[in-house]
Amino acid sequence: MQENKNEIIELFKISVTTGVLDIDSEYWINQFYQHKSQNLSAKKSNKGGYQSESNLYYFKEFFPLVKIFNNLFFSFEENPNLKLIELWFNINPPGTFNRIHDHGFLVTENSPNLSGVIYLKTPPNSGDIVFYNPVNSNLFYPFSPSLKQYFLFPKWLKHSVDANLSQEDRISIAFNYTFI
């Protein structure tokens with residue numbers, strides 16, 4: 001009689017990379033408030049907060065920010081075909097949040113698309129970023145971001161940001177890369 005052998009197969013392993021980026025938070029926060037004072041909010045995943053347009057890489061004052069993110073991404077993926085396709089910032093005052101969303105899905109021949117977020121201001125109780133299991137959204141993984149912490153993840157991975165329960169703004173920068 002043959003004995004049954006069980007095998008465990010991981011089907012849905014998803015990587016989220018996190019770290020801390022050396023960035024001048026105060027400088028960029030000031031740039032964002034200036035930009036916000038002259039531009040309307042985009043209406044995407046934000047509920048009550050401010051989201052800039054996603055083409056900040058076209059604005060001269062944000063060119064140094066593009067360089068910072070290119071350096072970050074190229075440290076993980078040395079590919080000359082890697083290209084920043086969206087860059088925006090979020091300002092979430094107390095009580096605001098970002099609904100569950102993804103950054104789209106576009107398959108390329110070389111690799112899946114990559115998204116990221118870095119937190120420039122994270123007062124205590126300003127809201128966790130929550131990543132959802134793609135098969136069962138009842139399974140999720142919350143992270144309480146710290147100052148200058150970044151998360152890199154597949155563009156299609158659903159996520160949200162909980163309500164800001166602090167008395168200060170939460171500020172982050174989000175971006176999408178693809179291979180061309």
Side-chain angles (χ1 to χ4, degrees), residues 16 18 20-21 23-73 83-106 113-132 134 137 140-178:
V16 174
T18 187
V20 176
L21 185 63
I23 188 170
D24 186 345
S25 302
E26 290 304 315
Y27 173 80
W28 290 110
I29 288 170
N30 289 332
Q31 292 294 315
F32 296 159
Y33 279 118
Q34 275 186 308
H35 187 84
K36 178 186 175 205
S37 71
Q38 300 167 8
N39 296 277
L40 295 175
S41 179
K43 298 295 179 195
K44 293 186 179 182
S45 69
N46 58 325
K47 185 67 175 164
Y50 179 89
Q51 280 183 313
S52 73
E53 59 276 40
S54 61
N55 64 348
L56 290 183
Y57 51 83
Y58 283 132
F59 293 82
K60 183 179 176 184
E61 62 268 25
F62 295 115
F63 287 176
L65 194 57
V66 171
K67 186 175 181 182
I68 290 168
F69 289 119
N70 282 342
N71 287 339
L72 174 64
F73 263 92
K83 181 179 181 187
L84 178 68
I85 57 171
E86 292 181 297
L87 174 67
W88 68 97
F89 65 87
N90 304 286
I91 299 177
N92 287 86
T96 64
F97 60 94
N98 292 79
R99 294 179 284 257
I100 187 170
H101 66 284
D102 59 39
H103 292 189
F105 186 76
L106 176 65
N113 293 281
L114 303 169
S115 291
V117 61
I118 181 169
Y119 288 87
L120 297 186
K121 187 173 181 186
T122 56
N125 300 314
S126 62
D128 290 350
I129 184 168
V130 181
F131 295 100
Y132 295 87
S137 62
F140 53 88
Y141 304 91
F143 295 92
S144 295
S146 57
L147 180 64
K148 302 181 183 182
Q149 185 175 17
Y150 64 83
F151 296 89
L152 305 176
F153 50 92
K155 194 174 173 188
W156 49 262
L157 184 61
K158 295 221 179 276
H159 56 285
S160 63
V161 185
D162 292 339
N164 180 356
L165 301 178
S166 78
Q167 297 303 308
E168 302 175 50
D169 290 347
R170 175 184 66 231
I171 301 175
S172 63
I173 310 166
F175 45 91
N176 293 322
Y177 277 80
T178 193

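Between E61 and H35, the shortest heavy-atom distance links the atoms OE2-ND1, 4.1 Å. When every heavy atom of G49 is checked against every heavy atom of P93, the shortest pair comes out as CA-CD, 3.9 Å. H101 approaches R99 most closely through the heavy-atom pair ND1-O, 2.6 Å. Closest approach of K148 to S25, counting heavy atoms only: CE-OG, 3.3 Å. H103 approaches A174 most closely through the heavy-atom pair CE1-CB, 4.4 Å. For the residue pair T18 and F151, the shortest heavy atom distance occurs at OG1-CE2, 3.6 Å.
When only modelled atom types and interatomic distance are considered, N164 and T96 share no side-chain donor-acceptor pair under 3.5 Å.
Applying the side chain to side chain donor-acceptor pair (under 3.5 Å) criterion to Y57, with sequence neighbours excluded, gives no partner residue. Partners of K158 by side chain to side chain donor-acceptor pair (under 3.5 Å), not counting sequence neighbours, listed by chain and number: D102.
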Legend entry - Candidate pair N71 and K67, rule side-chain contact (heavy atoms from CB on, under 4.5 Å), full reasoning: CA-CA 6 Å; N71 287 339; K67 186 175 181 182; 4.0 Å; yes
Legend entry - Residue pair L87, V66: steps toward the side-chain contact (heavy atoms from CB on, under 4.5 Å) verdict: CA-CA 8 Å; L87 174 67; V66 171; 3.9 Å; yes
Legend entry - Stepwise side-chain contact (heavy atoms from CB on, under 4.5 Å) test for N90 and N46: CA-CA 8 Å; N90 304 286; N46 58 325; 5.5 Å; no
Inset, instruction - Under the side-chain contact (heavy atoms from CB on, under 4.5 Å) rule, what do K44 and S54 come out as? Steps first, then yes or no, please. - result: CA-CA 10 Å; K44 293 186 179 182; S54 61; 3.5 Å; yes
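Interatomic distance, CD1 of I173 versus CG of L21, reported as 8.5 Å (0.5 Å rounding). Rounding to the nearest 0.5 angstrom, the gap separating the CG atom in N98 from the CG atom in N92 is 5.0 Å. Interatomic distance, CD of Q149 versus CD1 of I129, reported as 9.0 Å (0.5 Å rounding). Atom-to-atom distance recorded for I29:CD1 and D169:CG is 9.0 Å, nearest 0.5 angstrom. Annotation: the span from K83 atom NZ to N70 atom CG amounts to 11.0 Å, rounded to 0.5 Å. Put simply, OG on S160 and CZ on F97 are 9.0 Å apart, with the number rounded to the nearest 0.5 Å.
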Could you list the donor-acceptor pairs under 3.5 angstrom formed between side-chain atoms of residues 119-128 and any protein atom two or more places apart in sequence or on another chain?
| from | atom 1 | to | atom 2 | distance (Å) |
| --- | --- | --- | --- | --- |
| T122 | OG1 | L147 | N | 3.2 |
| S126 | OG | P123 | O | 2.8 |
| D128 | OD1 | S144 | OG | 2.6 |

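No more than 12 heavy atoms of other residues, nucleotides or ligands shown are found within 6.0 angstrom of CZ on F140.
Between I118 and W28 there is no side-chain heavy-atom pair separated by less than 4.5 Å. Residues I68 and I23 are in side-chain contact: their nearest non-hydrogen atoms beyond the backbone lie under 4.5 Å apart. I91 is not listed as a side-chain neighbour of S172, based on a closest heavy-atom distance of 4.5 Å or more.
Of the listed residues (W88, F62, F69), just one forms a ring pair (Phe, Tyr, Trp, His ring centres under 6.0 Å) with F175, and that residue is F69.
Under a 3.5 Å cut-off, the side chain of N55 and the backbone N or O of Y58 do not form any donor-acceptor pair.
A perpendicular orientation is assigned to the rings of F143 and F131, their planes being inclined by more than 60° (bins at 30° and 60°).
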